[in-house]
There are 2 protein chains.
Amino acid sequence: MASAVTNETTRTPVTRDRALRAAVALADAGGIESLSMRKLARELGIEAMSLYYHVKSKDEILDGMVELVVGEMVLARSDAEWKTALRERAESARTVLARHPWAISLMDARNTPASMRFHDEMIGCLVAGGFSIPLAAHALSLVDSYVHGFALQEASLPLDESGDIAAATESIMEKRDMTAFPYLTRMAVEHILQPGYAYGHEFEFGIRLILDGLETALTSVDL
Amino acid sequence: MASAVTNETTRTPVTRDRALRAAVALADAGGIESLSMRKLARELGIEAMSLYYHVKSKDEILDGMVELVVGEMVLARSDAEWKTALRERAESARTVLARHPWAISLMDARNTPASMRFHDEMIGCLVAGGFSIPLAAHALSLVDSYVHGFALQEASLPLDESGDIAAATESIMEKRDMTAFPYLTRMAVEHILQPGYAYGHEFEFGIRLILDGLETALTSVDL
DNA sequence: GAGGTGACCGTACGGTGTAAGGTCGTGCTC
DNA sequence: GAGCACGACCTTACACCGTACGGTCACCTC
């Protein structure tokens, strides 16, 4: 479905939902700082001020965008084992946040209904799995911190347009004097620049370590 | 000296460093979005455009601010045990980022000399402790993701001015219909609203779990 | 027709980063 | 002392931002 303008007669009417989706698309394409009311309006074929008919403020748009993004994440299935559920949830969150990097800082700063549901469901699953409330709080804080932090790092990787980390890493290393950083150099050469390397692999390692650690904490002592 | 006109108060001359420190102070006080060239200039007693004598662009200011913030963090002591060094580094980073919450997203997106030093030193310490390069990469990614993610969550806690999490939590719960989120409610009542609760405690749990997990990974198998 | 309403638009204000060029005291050279 | 370079700062201007306030106009119901 092409967007933009069209003929004088027809224009699919703007709705709040359509505006929010367009906003997400704009932010995906150009980063959150490139999302302005005027650009969003242009995308929808209307004028800037007309957006305020559908929405109270830009802030409300940001809230709605977070809501959409959180909605893309799978909820923890409370019928599954806690470890499976937690892993699925974490991986889903990471994938979604990689798609919408601008949402990472936003979603922590705003708790919308969807994100509260997202948390509530997870706690339920943990409690069903034998977690005490304090241990569930620890687990939630730990996993979410890791996932969001990882997404943040992943989002700001030195990628060129092709998504190739190797080329971008090399170009950075050429620009700076690397002799001052021997270990970073080693890590780049021996690890990152190796064929088949992908930063995503680090996530697998981290989330497994965390889940195993939580299992130990669960089975050993009751906190 | 310089009698005549203007103010009797002689203005200490602006330097790049003084400008950067003022910028950090402004961001600390009002968040990064409240930092503008004009406000910064006013703070320094000059006009906006005069800043461009000391600095090439606002972006360069942001870089310099990150540099200052990273400079506040303690480096990993390479003479210490890796676990101690890693813990100290993580705790220091968390403390500093709590002081400068606006820096969290910035520092991931910009790698300045100071942040590269910060990483290089840590890798050196890990390697000295017996880590392979790939395992060191895993460890670094894991710990930094956790620390930054935690800082992000901590920064957007619902605190009122007094820093009291209980009052703020209660006010949120009053505003929404909490019957839809039974587990969140339980967690609030049984955990967060308990006397003596502080979100910082969650960090202790997480970082220990991670460090213990890394130790296991180090001693068990060579990755 | 009258009136209401839903969807949209025009104008304006105070804010933003910064390009381009101007000013003015100080210190150096001759 | 005259001339001048230069460091530090300023003025103006532009394009963009969010949004307060009010206007327009097709359509529906009575």
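Every heavy atom of this structure was used, including side-chain atoms; hydrogens, water molecules and symmetry mates were not. Lettering of chains follows the sequences in order, A, B, ..., and the numbering in each one begins at 1.
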Protein-nucleotide distance ([X], atom [atom1]; [N], atom [atom2]), rounded to Å:
X: Ile61(B); N: dG17(C); atom1: CD1; atom2: P; result: 9 Å
X: Met49(B); N: dA19(C); atom1: CE; atom2: C1'; result: 7 Å
X: Leu51(B); N: dA8(D); atom1: CG; atom2: C1'; result: 12 Å
X: Lys58(A); N: dG18(D); atom1: NZ; atom2: C1'; result: 8 Å
X: Glu47(A); N: dA7(C); atom1: CD; atom2: C1'; result: 13 Å
X: Met37(B); N: dA19(C); atom1: CE; atom2: C1'; result: 13 Å
X: Glu33(A); N: dG18(D); atom1: CD; atom2: P; result: 12 Å
X: Glu60(B); N: dT18(C); atom1: CD; atom2: C1'; result: 14 Å

Query raised in the report: How is Leu40(A) classified with respect to the nucleic acid when contacts are heavy atoms under 4.0 Å: base, sugar-phosphate, or nothing?
Result: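 Touches nothing.
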**Report entry** Sugar-phosphate only, base, or nothing, as touched by Leu35(B) at under 4.0 Å among non-hydrogen atoms
**Finding:**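 It contacts sugar-phosphate atoms only.
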Does a nitrogen or oxygen in the side chain of [X] sit under 4.0 Å from OP1 or OP2 of [N]?
X: Tyr53(B); N: dC9(D); answer: no
X: Ser50(B); N: dA8(D); answer: no
X: His54(A); N: dG6(C); answer: no

Query raised in the report: Are there more than 12 heavy atoms of other residues, nucleotides or ligands under 6.0 Å from atom OH of Tyr183(A)?
Result: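 Atom OH in Tyr183(A) is not crowded, with 12 or fewer foreign heavy atoms closer than 6.0 Å.
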**Report entry** Selected nucleotide, minimal atom distance to Ile46(A) side chain, candidates dC9(D), dT18(C), dC9(C)
**Finding:**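 Comparing dC9(D), dT18(C), dC9(C) against the side chain of Ile46(A), the answer is dC9(C).
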Report task. Looking only at side-chain atoms of Lys39(A), point me to the closest of dG18(D), dT18(C), dC17(D). Result ->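 Of the options given, the side chain of Lys39(A) lies nearest dC17(D).
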Requested in this report: For the pair His191(A) and Tyr197(A), name the ring-plane relationship: parallel under 30°, tilted 30 to 60°, perpendicular over 60°.
Outcome: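 Correct class here is perpendicular.
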Query - Distance-only donor-acceptor test (3.5 Å): side chain Arg38(B), base dG15(C) - result: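 Absent.
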Requested in this report: Please confirm whether the backbone N or O of Leu142(A) pairs with a side-chain atom of Ser145(A), one donor and one acceptor, at under 3.5 Å?
Outcome: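 No.
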Query raised in the report: Under the criterion side chain to side chain contact (heavy atoms under 4.5 Å, CB included), which of Thr95(A), Val96(A), Leu97(A) is the partner of Glu72(A)?
Result: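 Only match with Glu72(A) under side chain to side chain contact (heavy atoms under 4.5 Å, CB included): Val96(A).
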Report task. Applying side chain to side chain donor-acceptor pair (under 3.5 Å), run through Glu60(A) and Tyr52(A) and close with a yes or a no. Result -> CA-CA 10 Å; Glu60(A) 194 179 307; Tyr52(A) 287 86; over 6 Å; no
Query raised in the report: Going through the checks in order, is the side chain to side chain donor-acceptor pair (under 3.5 Å) test met by His119(A) and Asp144(A)?
Result: CA-CA 10 Å; His119(A) 282 103; Asp144(A) 279 355; 2.9 Å; yes
Query raised in the report: Do Leu68(B) and Met65(B) have side chains that get closer than 4.5 Å, going by heavy atoms?
Result: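 SC-SC contact between Leu68(B) and Met65(B) ruled out.
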**Report entry** Interface residues of residues 13-27 of chain A with DNA chain D (non-hydrogen, below 4.0 angstrom)
**Finding:**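 Here the set is empty: none.
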